[in-house]
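The structure under discussion appears below in the form of structure tokens.
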Amino acid sequence: MSGSGTALAERSGPPVASRLGTRWLILAVLCLAQLVVVLDNTVLTVAVPALGRDLAASTADTQWIINAYALVLSGLLLTAGSAVDRYGRRRMLLVGLVLFGVASLAAAAARSPGQLVAARAALGVGGALLVTATLAVAIQIFDRAERPRAIGIWAAVHALGFAAGPPVGGLVLAYADWPAIFLLNVPVVVVCLVAAGLLVPESRRPGPARLDLAGALLSGAGLTAVVYAVISAPDHGWTAPAVVGAASAGALLLGLFVAWERRVAYPMLDLHFFRDRRFVGAVAGVVLITFGSAGSLFLLAQQLQFVRGNSAWEAGLRMAPFALTVVLLNFAGISAWLIRLLGTPVAIASGMTLLAVGLVVAAYAPTDGYAVLLLALVLMGTGCALANPAIVDAVMSAIPPEKAGAGAGVDGTMAEVGASLGVAALGAVMSARFVAALPADLAGAGSFPAAHAAAAEWQRAGVADAFGAAVATSQTVGAVAVLAGGCLAGLLLHRAGRRTA
């Protein structure tokens, strides 16, 4: 689409969002690209046994294969958002698709753990560009009236990809070997490349296209170190030298990043955003909603497999109503209608309250039936369908449209950090509670499989009960965090609205 691309190349914000006739078709392309990025975060979790068998991957190798993608993705989101604004949102979308497709082929062709780790890291580079470019393009092509619904659909696809990873991976492995998981990305990337090249208009931030290289290095290294510390803590302990060292190095690098951004002429991240209560409230909501939902879904998957005896594939299917509820409410426009009716602050607080209630219901649902758990998942999905689009819209509304990529980078970074913190912190709470509830002769077992294997036949029911109680405790902690986040975000956004009025 060279003609419309040239016409829109130097414009951004409201002029681009002039009810483009193909805007909904473009959104479908953006959502498809977003879907494969999010799927790759969780789709490989069910392939751990196959990776160990075919690549002779050790436990440490497998952890790096799983985590390399999230580490690189989270570390580069801010940089990717800045690049998207400065060098063109359509251009960076296409570059991200090419990188993602090539890295998927490399991952499928990997013959050693090291090769697969490198390919997963390359996937993270492409994924960072796609996460920021898809949201930034959506902000440009939709005007203020339609933007909440568009953002809601984008956020719903994100939730669908996160929840669909394990069942999709299980379905693929039922009929093919693990490389097929990555090969599935290739036709999707090709379709998105052709469609984006023909349909997506170009837009970029006015001004010189200068990348803040020092800021990119400092933020990338700092965020990667912090996320690495959070991911590693459950396995190595929060006081382990490697964890403390990575966290300290990350904090130091991020401090240097803030100092650098204050003095550089063309900052990668405008720190004045954080003086806006709307922005601060929305960012707090992003962190805490992903903290509670990602951490609790991670624990729920373990509960379904270890306590209820479901396979990974069955657990994924049983958790599907959460994502399906999010998708249904957003695609039908119900979430956007409720957000307009309630207002952003009340919508966020109400949605996160529903999510917290759903988490508590899931935590204490009986293990011999599915009806109560289904109710909990629908409550959680309804809460996310209401709160998540409102939070993303609040983040993006607090930022000028010409800096949409930077806003998408902040939103994505906070979501990744919140999700990593949720899995690590709630996992740590669960582990501590589980070990404390075990009989004295099993106290040395640090996980349910280890304790179950070491227990006598008559002890195994008690081990399962202890694990269920530990999951309930940690999910309750997640619910409290989500509820507190909803109250905080709603209050800050309400006060910011009153000040503006």
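Each residue takes its place number in the sequence, starting with 1.
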Close side-chain approach of L300 and M319, heavy atoms under 4.5 Å: yes

Heavy-atom pair of closest approach, residues I289 and A387: CD1-CB, 3.8 Å

Donor-acceptor pair, side chain of S248 and main chain of G245, under 3.5 angstrom: no

Test log, rule side-chain contact (heavy atoms from CB on, under 4.5 Å), inputs R149 and F331: CA-CA 8 Å; R149 185 176 182 186; F331 274 66; over 6 Å; no

Heavy-atom pair with the smallest gap, counting every atom of A376 and A362: CB-N, 3.4 Å

Heavy-atom pair of closest approach, residues A138 and L30: N-CD1, 3.8 Å

Worked check of side-chain contact (heavy atoms from CB on, under 4.5 Å) between E416 and L73: CA-CA 8 Å; E416 288 291 329; L73 178 70; 3.5 Å; yes

Whether R120 side chain and A68 backbone form a donor-acceptor pair below 3.5 Å: no

Side-chain heavy-atom pair W178, V172 within 4.5 angstrom cut-off: no

Donor-acceptor contact below 3.5 Å, side chain Y69 vs main chain V37: yes

F100: partners by ring pair (Phe, Tyr, Trp, His ring centres under 6.0 Å), with sequence neighbours left out: none

Stepwise side-chain contact (heavy atoms from CB on, under 4.5 Å) check, L32 with V157: CA-CA 8 Å; L32 186 59; V157 170; over 6 Å; no

Main-chain N/O of V471 paired with S474 side-chain donor or acceptor, under 3.5 Å: yes

Tell me which donor-acceptor pairs under 3.5 Å the side chains of residues 111-118 have, and how far apart each pair is, sequence neighbours excluded?
| from | atom 1 | to | atom 2 | distance (Å) |
| --- | --- | --- | --- | --- |
| R111 | NH1 | A109 | O | 3.3 |
| S112 | OG | Q115 | N | 3.3 |
| Q115 | OE1 | R111 | N | 2.7 |

Heavy-atom side-chain proximity of F322 to C384 below 4.5 angstrom: yes

Ring centers of W64, Y228 separated by less than 6.0 Å: yes

P345 to G490 - nearest heavy-atom pair and separation: CB-O, 3.5 Å

Worked check of side-chain contact (heavy atoms from CB on, under 4.5 Å) between I151 and I139: CA-CA 8 Å; I151 288 176; I139 294 299; 3.8 Å; yes

Closest approach of V286 to D411 (non-hydrogen atoms, all atoms of both residues): CG2-OD1, 3.5 Å

Sole residue of T325, L355, V482, V361 in side chain to side chain contact (heavy atoms under 4.5 Å, CB included) with M380: L355

T290 (side chain) donor-acceptor with V287 (main chain) under 3.5 angstrom: yes

Residue pair L78 / S219: nearest heavy atoms and the distance that separates them: CD1-CB, 4.3 Å

Sub-4.5 Å side-chain heavy-atom contact between L324 and L377: no

Sole residue of L130, L105, L97, L99 in side chain to side chain contact (heavy atoms under 4.5 Å, CB included) with V189: L97

pair V131-Q34: side-chain heavy atoms closer than 4.5 Å: yes

Donor-acceptor contact present, side-chain S335 to main-chain A385, <3.5 Å: yes

